[in-house]
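Have a look at the structure below, then the notes.
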Amino acid sequence: MDEKTKSGIIHDILKSVKLNNGFYVWMAFLTVSLVFCLTAYYQQLTTGLGVTGLRDYISWGMYISNFVFFVASSLIGMLISSVLGLTGQKWVTPITRMAEIIAFAFAAVAGLVIVSDMGRPERLLNVFLYGRFQSPILWDVTVVTTYVMISLLLFIVPMVPDLAIAYNNRSDLPKWQRLLYKLLSLNWIGSEEQKALLHKAVRILLILVIPVALAIHTVTSWLFAVTPRAGWNSTIFGPYFVTGAFVTGVASVIIAMYVFRKIYHLQEYIKDIHFDKIGKLLVLVSLVYLYFNINEFLVPGYKMPKHEAVTLHSLFSGGHAIMFWFVQLAGLIIPIFLLLLKKFRKPTPLLIIGLFVFVGAWLKRYLIVIPTQEHPFLPIQNVPESYTFYQPTFTEICITLASFILVLIIVSVLAKVFPLIPIQETIDERNNKTESHEE
Amino acid sequence: MKSSFILIVILSLLGTYVKAQTPWVVPDDRKGLLAPLKFSDETRKLGQEVFNKTCVSCHGHPGQPDQAKLVPAPKDPASKEYQQNLDGEFFYKITEGRGLMPSFKKMLKSEDIWNVISYVRTFNKEYVQKVGAADSSSGITGKLLSKLDYLIKDNKIEVKVIQQSNKMPVIGVKLSLYAKRNFGWLPLDEMRISNASGKLTFNYPKDLPGDKVGDVNIKVNMANADGTERTIIDTIIKTEIKCSQYNLLDNRAMWNVRSKAPIWLMLSYCGSVLAAWGVIFYIIWILLQIRNKGAKV
């Protein structure tokens with residue numbers, strides 16, 4: 001089907017951009033769920049963090065682990081577009097925009113997740129007014145903001161030619177949508193000058209996003225690693241987090257690829273070969289992550305220093321063991337073995353594996369953040385029983401769900417209103433292919 | 001019938017056993033101790049200050065259920081169980097302490113403790129004070145004069161105590177020596193007792209550092225019969241050991257406040273932020289150019 005004409009491609013890809021009933025129903029469902037979950041937030045805002053399971057000793061719970069997960073998922077934009085794109089991996093073309101949407105949505109909501117962990121959110125401003133240069137919290141807030149901006153640009157800038165195409169080809173769209181295309185397409189006429197400028201802008205962005213993305217997750221890891229707490233006091237926390245982020249991100253892209261291919265009928269653009277390739281990518285990043293996991297657990301586990309032993313035992317064989325081994329086996333080791341076989345890199349099996357990896361990755365963040373706080377250096381004394389362990393409350397779970405719903409809303413809207421597959425690049429690539437055939 | 005009776009007895013015994021804390025017994029000769037002064041609005045005010053500074057954290061605000069959750073629980077000063085103590089019992093318990101209840105005899109002066117007692121008594125409507133004899137607690141009445149001689153070379157400090165009125169030596173007073181440090185007072189040497197000529201000698205440690213010029217602030221306390229102490233000398237002595245203490249918070253450091261952040265860190269942070277956002281604005285500028293180029297055509 002490679003011989004599809006230019007107009008055929010344009011027609012195919014732009015088919016989805018018109019809002020339809022299915023979309024309205026889906027959005028209505030998301031909005032209602034969001035409103036329900038936000039009542040939980042209202043309760044937290046008015047009564048305080050006492051409605052959560054957070055107490056004096058375990059003061060970072062589900063919110064912070066969810067934050068780490070969101071930041072991790074947002075790194076995927078950098079991996080797909082920059083690292084693979086810049087090294088000339090052509091197969092990523094149809095999924096770059098999807099990856100950028102996911103990156104932007106998770107990064108933007110990650111900031112809100114942090115705010116939800118604050119009993120007095122209006123005091124966020126104090127970070128900027130009185131924040132210390134020495135504090136990783138200030139670095140984190142800075143770098144998250146920067147990364148959200150870059151992700152947004154990386155979503156919009158490469159799309160400029162496509163928006164011009166969309167504007168010219170879909171005169172049947174509602175006014176606001178056409179106006180949006182016109183505004184964002186920046187008077188694109190495809191002149192050589194414009195092409196050169198755009199190429200430059202995209203290049204710079206693709207390079208800039210690499211250090212910023214590394215920084216965002218390394219700084220997130222430092223929020224933990226700069227303390228002497230057992231389990232956080234680790235020199236490899238930065239790369240450990242970054243490699244873990246790639247695993248999470250690839251899993252989210254796999255899920256998105258499957259879903260959008262199905263509902264937008266993109267089988268001609270997102271083919272089995274793409275699933276095969278991204279399946280291999282998942283093996284690669286998982287192996288790297290496994291390597292870091294072995295270092296992170298085998299080395300302290302071998303020495304079993306007294307103050308770390310309690311936490312390690314609680315993971316290996318204690319209260320958190322079931323979750324720990326589920327995460328390591330079902331979320332990492334078994335997927336690696338399965339994905340080595342070609343038949344598991346087909347869309348449906350890959351989707352199922354991707355879901356396991358995704359859930360495993362979320363639980364992994366939970367295990368990084370919470371268990372060690374149950375075993376502080378100074379003994380826990382003279383507090384009610386409920387202070388000695390952590391159990392998220394219903395309110396907390398609702399607020400966490402709200403953050404996921406927000407991500408879904410952002411992803412759904414962006415993927416609906418804008419062309420999801422890069423049009424111009426697809427056309428260019430197919431032209432190149434036919435040209436080289438002719439030569 | 002009989003067995004159920006026994007069961008009830010056992011159960012009720014068990015019940016009282018679980019409920020009762022070991023009672024805090026005050027020796028008989030200390031129970032009857034009375035305040036040497038009449039409680040007044042003045043003492044109650046001073047007592048309230050001490051209470052709010054030193055006791056609230058555990059005992060909470062009198063009449064409010066905000067006591068610290070300790071075992072055994074510190075009682076609410078407004079409660080019946082607390083108020084049933086005699087003044088002497090209060091004094092004993094506060095000076096000696098037990099378990100988590102700290103001993104205050106080194107921390108508070110005996111007046112302070114009586115002031116606190118006078119304050120907590122305001123929460124007992126039935127209380128009527130019985131005043132004791134004036135300062136009988138020290139066993140020594142009248143004003144004391146004391147003279148301090150020191151010869152640091154021998155590492156000895158000699159103290160002589162005499163009665164102010166008749167200049168007679170005071171025999172058998174118990175004195176302790178302290179040096180001021182960053183937080184509170186450091187006890188030096190043991191408690192000594194004055195001899196027939198009113199004299200006693202402390203050993204002064206060889207290696208105790210003074211301040212920048214070698215000054216050490218020392219004090220000598222006299223033990224009262226009630227277990228508290230009162231300061232009779234508070235003075236500065238000169239020593240050879242100078243100590244140029246510097247405060248870790250004076251210099252730029254990772255753990256310091258924002259204005260004392262390390263320069264390299266501020267430069268790296270500001271530099272990275274400027275670089276990243278500089279590039280972002282450059283991109284936006286390119287985008288504007290793209291827009292202009294298209295508009296011309």
Side-chain angles (χ1 to χ4, degrees), chain A residues 127 129-136 138-139 141-143 145-154 156-157 160-161 164 182-209 211-213 215-216 219 226 381-385 387, chain B residues 21 57-60 65-75 99-102 248-297:
Chain A
V127 175
L129 292 179
Y130 311 109
R132 293 162 65 247
F133 294 110
Q134 299 99 311
S135 165
L138 178 69
W139 312 342
V141 173
T142 316
V143 79
T145 326
T146 311
Y147 188 69
V148 170
M149 185 67 197
I150 297 178
S151 302
L152 186 64
L153 284 175
L154 259 179
I156 292 177
V157 176
V160 165
K182 188 162 174 56
L183 269 181
L184 291 179
S185 62
L186 309 174
N187 298 333
W188 181 261
I189 45 168
S191 69
E192 287 309 313
E193 259 179 324
Q194 277 186 328
K195 274 187 187 161
L197 282 170
L198 189 75
H199 183 71
K200 187 161 141 194
V202 173
R203 273 264 150 173
I204 297 176
L205 275 175
L206 287 179
I207 294 168
L208 176 67
V209 75
V212 176
I216 186 177
V219 169
V226 295
Q381 318 176 306
N382 300 319
V383 292
E385 168 72 12
Y387 281 41
Chain B
Q21 283 166 17
S57 55
C58 295
H59 287 275
D66 57 350
Q67 284 71 33
K69 297 197 169 42
L70 306 176
V71 185
K75 288 179 188 136
L100 288 171
M101 166 71 193
L248 283 177
L249 294 179
D250 287 344
N251 299 322
R252 295 190 174 275
M254 220 54 178
W255 58 80
N256 218 330
V257 293
R258 175 165 68 173
S259 57
K260 299 251 177 83
I263 300 273
W264 66 265
L265 184 71
M266 283 158 73
L267 288 179
S268 320
Y269 174 83
C270 298
S272 323
V273 171
L274 281 180
W277 282 88
V279 176
I280 290 176
F281 283 114
Y282 177 60
I283 300 279
I284 293 176
W285 185 73
I286 295 183
L287 295 183
L288 288 179
Q289 270 192 309
I290 294 179
R291 207 181 135 88
N292 290 343
K293 290 265 148 60
K296 271 185 217 134
V297 181

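If you're wondering where the values come from, they're calculated on a predicted model, not measured in any experiment. Lettering follows sequence order; numbering is per chain, from 1.
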Tell me, for [X] versus chain B, whether the close heavy atoms (under 4.5 Å) come from the side chain, the backbone, both or neither.
{"X": "A/Val202", "result": "neither"}
{"X": "A/Leu197", "result": "both"}
{"X": "A/Leu208", "result": "side chain"}

>> Using only atom types and a distance under 3.5 Å, with no angle test, would you say the side chain of A/Gln134 pairs donor to acceptor with the backbone of B/Arg258?
In response: no
> Between the side chain of A/Arg132 and the main-chain N/O of B/Met254, is any donor-acceptor distance below 3.5 Å?
Replying inline: yes
> If we only count heavy atoms from C-beta on, is the A/Phe133 to B/Cys270 side-chain gap below 4.5 Å?
Replying inline: yes
>> Can you confirm whether A/Val160 sits close enough to B/Arg291 that some side-chain heavy atom of one is under 4.5 Å from a side-chain heavy atom of the other?
In response: no
Less than 4.5 Å to any heavy atom of chain A: does that hold for the side chain of [X], its backbone, both, or neither?
{"X": "B/Leu288", "value": "neither"}
{"X": "B/Leu265", "value": "side chain"}
{"X": "B/Ala253", "value": "backbone"}
{"X": "B/Ile283", "value": "side chain"}

> Looking at B/Trp255, B/Trp277, B/Tyr282, which one has more heavy-atom pairs under 4.5 Å with chain A than the rest?
Replying inline: B/Trp277
> In terms of heavy-atom pairs under 4.5 Å with chain A, which of B/Val273, B/Val71, B/Val257 leads?
Replying inline: B/Val257
> When you look at B/Val279 and A/Ile150, which way does the side-chain contact (heavy atoms from CB on, under 4.5 Å) test go after all the steps?
Replying inline: CA-CA 10 Å; B/Val279 176; A/Ile150 297 178; over 6 Å; no
First locate atom [atom1] of [X], then atom [atom2] of [Y], and finally report the distance between them rounded to the nearest 0.5 Å.
{"X": "A/Leu152", "Y": "B/Ile280", "atom1": "CG", "atom2": "CD1", "answer": "10.0 Å"}
{"X": "B/Ile290", "Y": "A/Lys200", "atom1": "CD1", "atom2": "NZ", "answer": "10.0 Å"}
{"X": "B/Leu287", "Y": "A/Leu153", "atom1": "CG", "atom2": "CG", "answer": "7.0 Å"}

> So which heavy atom on B/Ala295 is nearest to which on A/Asn187, and how close?
Replying inline: CB-ND2, 3.5 Å
> In terms of heavy-atom contacts, does NZ of A/Lys182 have more than 12 from other residues, nucleotides or ligands at under 6.0 Å?
Replying inline: no
